[in-house]
Trainee: 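Before we start, here is the structure in question, set down as structure tokens.
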2 protein chains.
Amino acid sequence: MSSRTPKPSDDEALQSGRRRATINDVARLAGVSKKTVSRVINRSPSVRPETREKIEAVIAQYGYAPDPQARGLAFRRSFLIGLIYDNPNPQYVVNMQLGLLDGMRGSGFELVVHPCDRGSTTLVPDIRAFIERQKLFGVVLTPSVSEDEAVAEMLREIGCEYVRVASIAVDAEAHSIVTRDRHGGLLAGRHLAGLGHRRVGFISGPDRFRSSHERRGGFEDGLKEHGAALAADCVAEGAYTFESGMEAAARLLALKDRPTAIFAGNDEMAAGVLHAARQAGLSVPGDLSVIGFDDFQIASRVWPALTTIRAPTREIGRVAADRLLGVTEGDRRDPEWRMPSLVVRESTAPPKG
Amino acid sequence: MSSRTPKPSDDEALQSGRRRATINDVARLAGVSKKTVSRVINRSPSVRPETREKIEAVIAQYGYAPDPQARGLAFRRSFLIGLIYDNPNPQYVVNMQLGLLDGMRGSGFELVVHPCDRGSTTLVPDIRAFIERQKLFGVVLTPSVSEDEAVAEMLREIGCEYVRVASIAVDAEAHSIVTRDRHGGLLAGRHLAGLGHRRVGFISGPDRFRSSHERRGGFEDGLKEHGAALAADCVAEGAYTFESGMEAAARLLALKDRPTAIFAGNDEMAAGVLHAARQAGLSVPGDLSVIGFDDFQIASRVWPALTTIRAPTREIGRVAADRLLGVTEGDRRDPEWRMPSLVVRESTAPPKG
DNA sequence: CCGACGTGAGACACCGGTGTCAATGCTGCG
DNA sequence: CGCAGCATTGACACCGGTGTCTCACGTCGG
């Protein structure tokens, strides 16, 4: 009994559940030192099995759980994981959160959310302050912050664990989760060209998003497989927003030789394309096929429901959490399940005539 | 100088910024005890102005910020706020998060997200474990967990600060933020009846959501103002989901004397109504007016764009954070800005003939 | 001039864990 | 039988703050 005996009232509170057990209580009740209890908690191998069992019995009996704050203070590190994002799409954010929580369940870690502004001049110090203040265990970065090298460098400098979710490998394997946007684009290209479309349009996301380029690159590859190609005048830049999609589509549909199909960089913009088509008096998919990217809720809410590329955002989130927490099994297991896939609905059809 | 002098290497690290300053450093450099520094941090009045200034100068010079974990350990409380929700709508969740973060900015608190399952039999113990483990400062509950009395009682029992966001006052004023769904329903009723609709339909949310009843109640009030009423056969129960809205609408549209307008409990279901109308060969708003609730992104993405009731979710979030952190000014200032409001788009029109 | 009193500040223990190092007991070997 | 060597365990300091109590130092009234 290394620690001072508690006042009777304290012990009473513990018995009745009004007070949570601490490591001192467990040590006292098990008749060992708190350090040994600490060893059991941390799975140190140098504890005799019978001692371990005795301690574990007390832990179970009183439902003891170590205090993350005290533990963190001693470890100089908290049990919090930060999600740092700069993404206008709520669907993406929520799915990513759900995926991360899937991967963190039962780990004792919690998720702290931190939206930020990629364009801010104080981006790096802001993120740094956030991490250092809370002594975060690690952070997950999603596009487009994940594509910022200055942020990554700062993270390395301060020694913070991190995982970057991006459409290409932007970092060492341990820090990078690839979303294979290029493959998604390929599926879109194959699908449209396979239906017989030859003059097709593409609406990209913002230039600063790596995914904009990957989706386009894959798209062109897919078209090529069927002998089609993306004409320069059929490319318009959007901003991954509904309005930008609508405007970009209006431009494409105003061309003399207008495309018979449009691949929009995400579902939001694809919804904008549908509106533009309606305003131009074109029917979808009769006069114009439309394909999106993401397969978020909106894809099935609009009319006609969008053919789109499903991005496994939630699954990606789970893998990111696993990676951060050092879980490695299941990660390589069948990488297919976290590849983008084609979801055919009603917005695509062969071209007329 | 109460604390031991650090090794020269430590001091060097501090100077170069490689090590963050602690309260001991500040105390030593200011020539006071750490307790006095603590007093300055906590705005204790019993510090002489000149002493305070001296300490504040050192704090500013070294960019000292107290460690939330150490502080939390001593306070027996963390600087984390939990968002506990059970809401299938990502738009709602993200807007609420943004609002909370608005209110928390600069406070030194962080937001931890915690989705849960209202239907789970272990709901109360799960939430309790979450709070006690992290010693949360407080939590924000949103519908429908916010309407669970067992959860609220547990929170009171363990002495956790909390704010419940709900459509009616479910608790003492300090713990309750009212979203005035009834008023929103009223606006919808006035709008439809004002346009001349007399036979109108209503699709409610799930029974366990208080908002389902409030929106309906307000709706009936609004109809009554114009001498209209909600017939019993024109009410269908949905689940606040797209599919449920579609199914409920299909039932209403199959009535012999079908309604000329439908008020759906939220935008997701309203989108479902649009699909059902299309399948029934009805044009909106020509043959059928549709009005939703929330004014989330989807409302303007569908076609025709939805007339809907805008719920100021983000603003509500900000108020919730203010309330939790004890900010009271600005709270009562102009309550209008956080009332639901009518947004007229293209899905409503006077009935034919 | 003296004692009561209020104010500002420090000493010390404590919050609930972990790191370091020394002590203990047991085993195997010369 | 004596001792090196390993496996276990504990004592103690420490992580970076706060609560409690004490003390030194005026000030003021009698």
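So that the names make sense, note that chain A is the first sequence line, chain B the second, and so on, each numbered from 1.
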Trainee: I need the CG-P distance between Asn42(A) and dT20(C), as an integer number of Å.
Mentor: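 So the CG-P distance, Asn42(A) to dT20(C), works out to 13 Å.
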Trainee: Examine the side chains of Arg118(B) and Ser144(B) and answer whether a donor and an acceptor come within less than 3.5 Å of each other.
Mentor: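 Yes - a donor-acceptor pair under 3.5 Å links their side chains.
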Trainee: Closest-nucleotide mapping onto DNA chain D: is Ala21(B) or Thr36(A) further toward the 5' terminus? I mean the 5' end.
Mentor: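 Result: Thr36(A).
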Trainee: Would you say the side-chain atoms of Gln97(A) and Gln97(B) include a donor-acceptor pair closer than 3.5 Å?
Mentor: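 Yes - a donor-acceptor pair under 3.5 Å links their side chains.
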Trainee: Can you tell me the distance, in whole Å, between the NZ atom of Lys135(B) and the P atom of dG17(D)?
Mentor: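 To the nearest whole Å, that distance equals 15 Å.
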Trainee: With respect to the phosphate group of dA11(C), does any side-chain polar atom (N or O) of Ser33(B) fall under 4.0 Å of OP1 or OP2?
Mentor: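 Looking at the OP1 and OP2 atoms of dA11(C), neither is under 4.0 Å from any side-chain N or O of Ser33(B).
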Trainee: Is a donor-acceptor pair below 3.5 Å formed from side chain Arg39(A) to base dG10(D), judging by atom type as modelled?
Mentor: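 Indeed there is one.
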Trainee: Taking ring pair (Phe, Tyr, Trp, His ring centres under 6.0 Å) as the definition, give me every residue that meets it alongside Phe137(A), ordered by chain and number, with sequence neighbours left out.
Mentor: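 Residues passing ring pair (Phe, Tyr, Trp, His ring centres under 6.0 Å) with Phe137(A): Phe109(A).
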Trainee: In whole Å, I'd like the distance from the CD1 atom of Ile23(B) to the C1' atom of dA9(C).
Mentor: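 Result: 14 Å.
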Trainee: If only side-chain N and O atoms of Ser38(B) are considered, is one of them under 4.0 Å from the OP1 or OP2 phosphate oxygen of dG19(D)?
Mentor: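 Negative; the distance criterion is not met.
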Trainee: Within the structure shown, what part of the strands sits under 4.0 Å from Val37(A) by heavy-atom distance: base, sugar-phosphate, or nothing?
Mentor: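 Nothing, no heavy atom under 4.0 Å.
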Trainee: Nearest whole Å is fine: how far is dG10(C) C1' from Lys34(B) NZ?
Mentor: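 Going from NZ in Lys34(B) over to C1' in dG10(C) covers 12 Å.
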Trainee: Separation of Glu53(A) atom CD from dT8(D) atom C1', in whole Å?
Mentor: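 It works out to 16 Å between those atoms.
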Trainee: Should Arg164(B) and Glu149(B) count as an ion pair when the cut-off is N to O under 4.0 Å?
Mentor: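 Yes, this pair counts.
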Trainee: Quick check for you: among dA9(C), dG16(C), dT8(D), whose closest atom lies nearest to any side-chain atom of Arg48(A)?
Mentor: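 The answer is dT8(D), which lies nearest to the side chain.
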Trainee: May I have the distance from Lys35(B) (atom NZ) to dT20(D) (atom P), rounded to whole angstrom?
Mentor: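 Result: 9 Å.
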Trainee: When you check the side-chain N and O atoms of Asn42(B) and Arg71(B), is any donor under 3.5 Å from an acceptor?
Mentor: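 Yes.
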Trainee: With a 4.0 Å limit, can you tell me whether Arg71(B) has a side-chain N or O closer than that to the phosphate oxygens OP1/OP2 of dT18(D)?
Mentor: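 For dT18(D), OP1/OP2 do have a side-chain N/O of Arg71(B) under 4.0 Å.
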Trainee: For Phe79(B) and dC15(C), give me the distance from atom CZ to atom C1', rounded to whole Å.
Mentor: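 Computing the Phe79(B):CZ to dC15(C):C1' distance gives 13 Å.
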Trainee: Could you pick out which residue, Ala74(B) or Arg52(B), lies toward the 5' side of DNA chain C when each is mapped onto its nearest nucleotide?
Mentor: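 Mapping each residue to its closest nucleotide by heavy atoms, the 5'-most match is Arg52(B).
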Trainee: For DNA chain C, whose closest nucleotide is more 5', that of Glu50(B) or that of Leu73(B)?
Mentor: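 Checking each residue's closest nucleotide, the 5'-ward one belongs to Glu50(B).
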Trainee: Asn24(B) CG to dA11(C) P: how many Å, rounded?
Mentor: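 That distance rounds to 12 Å.
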